[in-house]
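So the structure is just underneath, and the comments pick up after that.
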Amino acid sequence: MHIGSYTFQEFKNKAAEFHGYPAPGLLIGGYMVEMAKAALPPNILFEAVVESKKCLPDAVQLLTLCSIGNGWMKIINLGRYAVSLFDKYTGEGVRVSVDLGKLENWPEIEGWFLKLVPKKDQDTEKLFREIETAGDTILRLERVTVQKRLLGHSHMTRIDRCPVCHEAYPVSDGAICRGCQGEAPYEHSRAMAAEECMPTRVPVAEAVGRKALHDMTRIEPGESKGAEFLAGQTITAGDVCRLQQMGRNSVYVQDESLPQGEFVHENDAAVSFAARMAGDGIRCSGEPREGKIDFHAARSGLLQVDLEALERFNLTPNVMCATRQHCALVEEGRLVGGTRAIPLFLSRDNFSRALAALGDAPIMSIAPLRQAKVGVLVTGTEVFQGLIEDRFAPIIRAKAEALGSTVVGEEFTPDERQAIADGVKKLLDLGADLIVTTAGLSVDPDDVTRKGLEDAGMTDALHGAPILPGAMTLIGRIGSVQVMGVPACALFFKTTSLDVLLPRLLAGVPITRRDLARIGEGGVCLQCNTCTYPKCTFAK
């Protein structure tokens, strides 16, 4: 069977010339690309999305004008052997993949594709013959519309010289190039080779009249630990004995002969880092102490940490920043983090690299909790009919009021979609801007709470979270009104997903599927005999 205008052997030779050898995946990829091309309207400008980085991108480059270099092909490595060709303006197109159900008649292809046969035991020539005979009969085609974010191309910004490595780079990457930010794929790069500064060390008796280079700590075991001498403090004759009692027979002093501009003192580095890190609601401790600046909450609320920026910064050599957990509830005045340079003098290269890793936006802020008007919707026929006493509403009320919110109404409905939708409407009429529903969220077909909420206009619903207890939690909204569905576990456990997610809703922090996924690490409550949440590992 031909592959476009090529015979199978011609394309096989072309594949070998381009790819290094005629890989089976590239040959099958040829049939995939030609099937997709044939299904597109004539004379359209199309682009490609490839879901595997193995072989298939080469088939696209051989048979179309789409390539990595011109930006018309994007590789989104989902681990699936599939390719989509689509109208570059509308995103409408086709997706072609290997249909596993059709491989049973082609044992050599099936054994190779599903890795059922070790490579050394494969009959290559027989595999090639099956691929040629099968052609596109083993493929599946479907209509797709590509997401708008993949349409069009980003344009490179102004080019400048990196102040560290002096090579050209796009200024949109930051103050220095990404290689100098720590993304260079080399064990030892030029930018990493600078040695840290070695300061001047003198005997204590010779230090009189000179200035201490750094804070010097006095430790009294079991009693205290603090800076006895501060950086910049002039050492007097009376200090000599005190220094010797601290176990110091020599000290580091300021030396004007040190090379200027090549190194940054730990205190200066900490001040610069803190100025970039502290956002709204964060207060810095003031002057550095022992080379470190602390961050405190200037108001109560929910701590927000840019985890990606924090990681980038901490990947930079010889600097550090530690914070409390992202989305931790903090009280005004409490410690939330700290930063410092590790050596006494930080190389200018690493200092610049650290600032670039931080970027222009703060990495810490405090989001205040709003005083929500909460409407509580208790679902359950047994509760509605009075067969059992409701215990849900008091729990929701207590937790909402503990966070500064007010319950404006409580509604009880049977497990009926229309009744639930009507109950939501009544709460909205009472002015509720946060509706908390209870129960009816499991896989039981009788649990129709979610359907009733959808009938009431709920959108953007996320159902399910990697939190135990609380896996059946639901998050959504009805217009501007937030919605939270609390599963029945809240009746039986002191701390659940309700305690984890309610503060985020009150702080107006967006909750995405990725945010929920990140909670999975630490998302198991240990159900201690004495609950200390939030001073524990749960959802941290």
Side-chain angles (χ1 to χ4, degrees), residues 174 267-314 316 319-341 354-374 399-406 433-434 475 477 480 482 484 497-512 514-516 518-519 522 532-540:
N267 287 348
D268 297 327
V271 169
S272 296
F273 296 155
R276 291 281 190 94
M277 293 175 176
D280 196 20
I282 300 292
R283 175 175 54 82
C284 299
S285 57
E287 293 297 318
R289 298 284 292 182
E290 301 180 45
K292 176 172 65 74
I293 285 184
D294 290 329
F295 302 103
H296 294 84
R299 64 188 179 203
S300 299
L302 203 67
L303 176 64
Q304 298 293 285
V305 180
D306 184 338
L307 298 177
E308 294 181 359
L310 180 65
E311 181 179 3
R312 288 197 307 269
F313 180 80
N314 283 327
T316 304
V319 300
M320 64 76 63
C321 177
T323 73
R324 291 184 61 181
Q325 292 89 355
H326 173 60
C327 282
L329 268 175
V330 296
E331 298 176 354
E332 181 179 351
R334 297 302 296 269
L335 178 71
V336 296
T339 186
R340 68 169 302 154
L355 289 179
L358 288 173
D360 295 327
I363 67 171
M364 280 180 283
S365 62
I366 303 291
L369 304 190
R370 68 186 179 91
Q371 297 179 345
K373 298 177 180 179
V374 182
K399 297 196 173 190
E401 291 179 348
L403 295 174
S405 294
T406 303
D433 53 26
L434 169 60
I475 299 290
R477 61 176 53 253
S480 61
Q482 296 171 314
M484 182 175 186
S497 56
L498 171 63
D499 303 271
V500 176
L501 298 178
L502 181 58
R504 301 192 187 203
L505 291 176
L506 295 177
V509 175
I511 301 176
T512 66
R514 186 181 184 191
D515 295 324
L516 293 177
R518 283 176 168 172
I519 298 175
T532 60
Y533 182 83
K535 297 179 181 180
C536 69
T537 61
F538 181 47
K540 301 290 179 33

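Any value given below was found using the heavy atoms of this structure, including those in side chains, with hydrogens, waters and symmetry copies removed.
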Rounded to the nearest 0.5 Å, what's the gap from [atom1] on [X] to [atom2] on [Y]? Could you check?
| X | Y | atom1 | atom2 | value |
| --- | --- | --- | --- | --- |
| Ser272 | Asn267 | OG | CG | 11.0 Å |
| Glu311 | Thr316 | CD | OG1 | 10.5 Å |
| Leu303 | Met364 | CG | CE | 7.5 Å |
| Phe538 | Thr532 | CZ | OG1 | 12.0 Å |

Quick one: does any side-chain atom of [X] pair with a main-chain N or O of [Y] as donor and acceptor, under 3.5 Å?
| X | Y | value |
| --- | --- | --- |
| Thr339 | Met320 | yes |
| Lys540 | Pro534 | yes |
| Arg299 | Ile366 | yes |
| Ser285 | Asp294 | yes |
| Asp433 | Lys373 | yes |
| Asp280 | Ala367 | no |

Quick check: do [X] and [Y] have side-chain heavy atoms less than 4.5 Å from each other?
| X | Y | result |
| --- | --- | --- |
| Gln371 | Thr406 | no |
| Leu310 | His326 | no |
| Ser405 | Leu506 | yes |
| Gln304 | Cys327 | yes |
| Val336 | Val305 | no |

Considering all heavy atoms of both residues, which atom of [X] and which atom of [Y] are nearest to each other, and what is their separation?
| X | Y | value |
| --- | --- | --- |
| Leu516 | Leu501 | CD2-CD2, 4.0 Å |
| Val319 | Asn314 | O-OD1, 4.2 Å |
| Leu369 | Ala507 | CD2-CB, 3.7 Å |
| Gln482 | Leu505 | NE2-O, 3.0 Å |
| Arg276 | Leu355 | NH1-O, 3.0 Å |
| Pro503 | Leu498 | CD-O, 4.1 Å |

Please collect all ring pair (Phe, Tyr, Trp, His ring centres under 6.0 Å) contacts where either partner lies in residues 270-305, sequence neighbours excluded, each pair once.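 Only Phe273-Phe313, Phe273-Phe351 qualify under ring pair (Phe, Tyr, Trp, His ring centres under 6.0 Å).
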Stepwise, does the side-chain contact (heavy atoms from CB on, under 4.5 Å) test hold for Met277 with Leu358? CA-CA 7 Å; Met277 293 175 176; Leu358 288 173; 3.9 Å; yes
Restricting to pairs with a member in residues 322-335, which pass salt bridge (Lys or Arg N to Asp or Glu O under 4.0 Å), not counting sequence neighbours?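 Salt bridge (Lys or Arg N to Asp or Glu O under 4.0 Å) check on residues 322-335 returns no pairs.
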How about CD on Glu401, more than 12 heavy atoms from neighbouring residues, nucleotides or ligands closer than 6.0 Å, or not?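 Check passes, neighbour count above 12.
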Carboxylate-amine/guanidinium contact Arg504 Asp515, below 4.0 Å: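 Salt bridge flag = no for Asp515 with Arg504.
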